[in-house]
Every structure is written in structure tokens, then in C-alpha cells.
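Order of appearance sets the numbers: ligands from 1, and atoms from 1 within every ligand. The first residue in the sequence is number 1, and the count goes up from there. As the structure is a prediction and not an experimental result, all values here were calculated from the model.
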Amino acid sequence: MGLPKNFFWGGATAANQCEGAWNVDGRGPALTDVTTGGTATSPRYITYVDENGNPGKIRSGEKLPKGARYAVLEDCLYPNHDGIDFYHHYKEDIALFAEMGFTMFRMSISWSRLYPTGTELEPNKAGVEFYRSVFEELRKHNIEPLVTIWHFDTPLYLVEHYGDWKNRELIDLFERYARTVFTEYKGLVKYWLTFNEINNTINFLGKEDYITLTDQDYQDAYQHLHNQFVASARAVKIGHAIDPENMIGCMICGITYYPLTPDPADILENRHTWEKGIFYCGDVQCKGKYPTYAKRLWAEHNVHLDITEQDLKELAEGTVDMYTFSYYMSTTVTTHQVKDTVSGNFSRGARNPYLQYSDWGWAYDPCGLQYYLEMIYDRYEKPLFVVENGLGAYDTVEDDGSIHDQYRIDYLKSHVKTMIQAVDNGVDLRGYTWWGPIDLVSAGTGEMRKRYGFIYVNKHDDGTGDNARSRKDSFYAYQKIIASNGEDLD
Ligand code: BGP
């Protein structure tokens, strides 16, 4: 028993959170490039200038004032501009991953590095060559790349001029981009993910109090998702045609939902939350058609989607080869009024008295990972990958430069244990890539001090630091886990 011999071990990153070089070698901007840094308690802002040239800022999900344009403002700090400068450090970083024993590295391609506005007919050569060099470097170290084609970074031009993914023209533009990456990296990359945490468009709705939602917001969100489903299915089909060896997966933000009480109303609500938050996307991408409960979800908000016969055909023809997901936490669901709520990542629920929470309100629940793995495998019977799991925490650098991050080691081991338990129970799990094996910019808060890495990066929230890399205690712990294929967990 235990993990299969060819199990993939590694780490996961996203272009916009680590590359930096935001305007280098022809790259165009993405929304993250006009998004400021925040903290655990203060939000990130998206900045703009209005039609009179006055600067302003909105929060994620809020609409720009009429006539305003996204803009980089002089007195704001944009952490994604520099990231951790992976763009210039990738050789050093990959060597460190190899030293830990990685056999897989998940990374994403920045769409606007290849197509600066998303509308060009030919890709930017410098961008294409950058990723080729990274993949070649990984291969040199026998590390299999796992590549996310879209990780929250639609070119800003498409957001501003096309209205983002609610516009179905993005399907064709994405197709051009996807075709380029499958063609250019044929033979170098075999494992692909189409859209990162695709379900978050729905999970975001209703999570934040500062937004008052209308039926139109739901309409836009479900249409946005539908267009991404079609784009994903088309990419799967093209990817298989270009190289039949390609394994192409969906990527779902995995949250394990528990009913807060045994009240039957809570049990039903919990089931409906799974459907809306988790199954809706997985069902379409794994089964190639909308589930029966979709009609109920749409009716709740008077949603009428633009779905063509051709779309339905494409969905059926472009089912994914594998189901991949992130897992950080569980959350609770209830129909009762509760005061003590916790909000973490794309979830909000009543505090679970049986669990502990991180400084950012993320529940620590290894058991929820086993629950999720077993539940999902039973539903789809497709190969699974845990492509994100990790602990964001404040780290202290000792005088001698060492970092004793036992909390991260404990988190890692406890999740690896439950993951192995699920495999022993029959789940076909193929790999595990820890989120942020090297410190990087947090997606949610834009912080550097919310650190996930086994490798420390000397870079700080105020933009200072020389980007030097160093090994934390967890570096050696993960190295041991990988070397023993998950057996050495003491
Ligand atoms: C997921 C995203 C990642 C990553 C991770 C950790 O939702 O796919 O991009 O950032 O969460 O979140 P955060 O950076 O907010 O701590």
C-alpha cells in the first residue's frame, strides 16, 4: 500500500505571482498589474483614472466608473510587477526544486506575454522563447512540467475592451493562444490544465458584503463560466489533436463543505453548496454536459444563458483527461444565523469549533482533503492530482539566516498522511504539487509576508529586498518525504 512508484511530487506557482518582468520583452499588462498590495485585514485595490484624469480605486468585483480606464498610479505599489523575479532566476529556482527531488513543477503561462493584448495574430517571440527555456531547464533536471494555460490573468486589453469572459469572442482568442502553446511546446510539455480554479467565478458571488449583487451579476458570471467551459473543451480537443500524448485537466478550487448542524435544512443546503461551488464546473468539464441541477441554479437568479447547439457539441467532445484541484481548507454551511463566521480564500462560513485557523482565517483540516479525494474520485473515476495545497504563514529569519517553520512541516505531513489514506482506499491519485514551494506574491492579499515556500525569498511588502533565495527547515523535510515517496513522515 502507499503511493504508486511513479507518483509525481513537486510544487506549483502562477506566472503573475512569481515572474515579475511585467513589462519586459513585449509583455502586455493583465488585471493583476493594476492591482495594489493589501494585507490580511485591508483589501487589494484595482486602480484607474476617470474620464477627467482623476485617479481612483475599486475593489475586486466592483465596476469601473463610466469612462474610466485601468491605470498604474505613481503612488501605489503593485507587487505583481516584480513578483520574485522568477523571470531572471528560473535556473537557480529549478536547481533548488531538483535538489528537493521534484519530479513535477506546475507553472502557468502568462497569456499577455505571448499575446500582449490578446488580439494579435502572431505571438510575441520573446515570450514564446522564455517559456521554452524554462521547460528545457525543467527537462534537464527530469522535472515534468504541468502547465496552466490560464491562471487568473486575462490580458487587460480584453478586460477593458471586450468586457472580459462574459464576451464569447474570448473563446476564439483563447483558442488561438491555446493552439500556440500546444504547438510550440509539443514534446516538452505533456501535462496541461486549462483554467485555474474555474469555479471561483461562482464562489466569489455572495462571499463579500461590500458588493450588492443583482440578477445581472449572476447572468454575467454564469455566461463567463459557460464561455470558459467551451474554450476549455475546445482547447482539450486541439491539444489532443496536436499531441495524442497530452493529458489535459480541469482545475477546481477544492473546498470541503460540511453542514454546521444536523438540521435537515442544513444537510440539503450543504448538498446544494457542493453542487453550486464544486460539482457544477467539474461535471461540465468531466462529463461534457450540464448537470440536471444547473436549471435550478440558473432559475434562482433568473439566468438565461447564450448556449448554442455547437457549444453543447464542443462540451461533449472536449472532456478532460484528469481532475485536478487545490485544497487548503474546509468550511461549514448552515441556514441558521451565526455570528462567528470565518472567511478564507473563496469561502465564508461559520467557524468550525473542531478546527484551528491560520492568521488569514484558513481552516486547518487534513481530514477534509481525504474527504474531498474520495468523494471526487467516486464521482468521476478519473485520475486526480492535488495541484495546490499549502500553508501561508509569517516566517521569522533567525540571526544566522535559518528559518524554523515547523508549522509548515506539520501542515505538509498531516495532509500527505490523509492523501495516502485516500490512495489506500482506492483513489487513483497521480501527483501532489505544494502551492508556492518558493515564496511568492499572495493572490488574495498581494503580500509577500504570507509565505508558503520551502525556499525563502528576501523580498518584502514595501518592495525592498534583493530576491536572494535560501532554504527553510521545510525544504529538508519535503526532500525527505519525496525521497521516501511519502513513507518518511515522522
Ligand atoms: C489559490 C490560487 C493561487 C494561490 C492560492 C493561495 O486560490 O490558485 O493563485 O494564490 O490560492 O492563495 P493566497 O495567495 O491568497 O494565499
### Task
Can you sort out which atoms of ligand 1 are near N196, meaning under 4.0 Å from one of its heavy atoms?
8 (O)
## Note on the structure
For S442, the atoms of ligand 1 under 4.0 Å from one of its heavy atoms are 13 (P), 14 (O), 15 (O), 16 (O)
### Message
Counting only heavy atoms not in K287 (residues, nucleotides, ligands), do more than 12 fall under 6.0 Å from its NZ?
### Response
yes
### Check: Y364 ring centroid to Y411 ring centroid under 6.0 Å
yes
### Query
When you measure from atom 14 (O) of ligand 1 to every protein heavy atom, which one gives the shortest distance, and what is it?
A443 N, 2.7 Å
### Query
Distance only, no hydrogens: is a donor on one side chain within 3.5 Å (strictly under) of an acceptor on the other, for N389 and Y432?
yes
### Query
Numbering the atoms of ligand 1 from 1, which are under 4.0 Å from a heavy atom of K450?
13 (P), 15 (O), 16 (O)
### Query
Out of W362, W435, Y328, F152, whose heavy atom sits nearest atom 12 (O) of ligand 1?
W362
### Query
Relative to the heavy atoms of Y452, which atoms of ligand 1 are at a distance of less than 4.0 Å?
6 (C), 12 (O), 13 (P), 16 (O)
### Query
So W165 and H224, would you call those rings parallel, tilted or perpendicular, with 30° and 60° as cut-offs?
tilted
### Message
Using heavy atoms and a 4.0 Å limit, tell me yes or no: is W360 in contact with ligand 1?
### Response
no
### Query
Which residue owns the protein heavy atom closest to atom 2 (C) of ligand 1, what's the atom, and how far is it?
E388 OE1, 3.4 Å
### Message
Under a 3.5 Å cutoff, is there a donor and acceptor pairing between the side chains of T331 and R348?
### Response
no
### Query
Quick one: are S232 and Q285 in side-chain contact, heavy atoms under 4.5 Å?
yes
### Query
Numbering the atoms of ligand 1 from 1, which are under 4.0 Å from a heavy atom of G444?
13 (P), 14 (O), 15 (O)
### Task
Would you tell me whether N80 and D33 have side-chain atoms, one donor and one acceptor, within less than 3.5 Å of each other?
no
#### Entry: Closest approach of any protein heavy atom to atom 7 (O) of ligand 1, naming residue and atom
E197 OE1, 2.5 Å
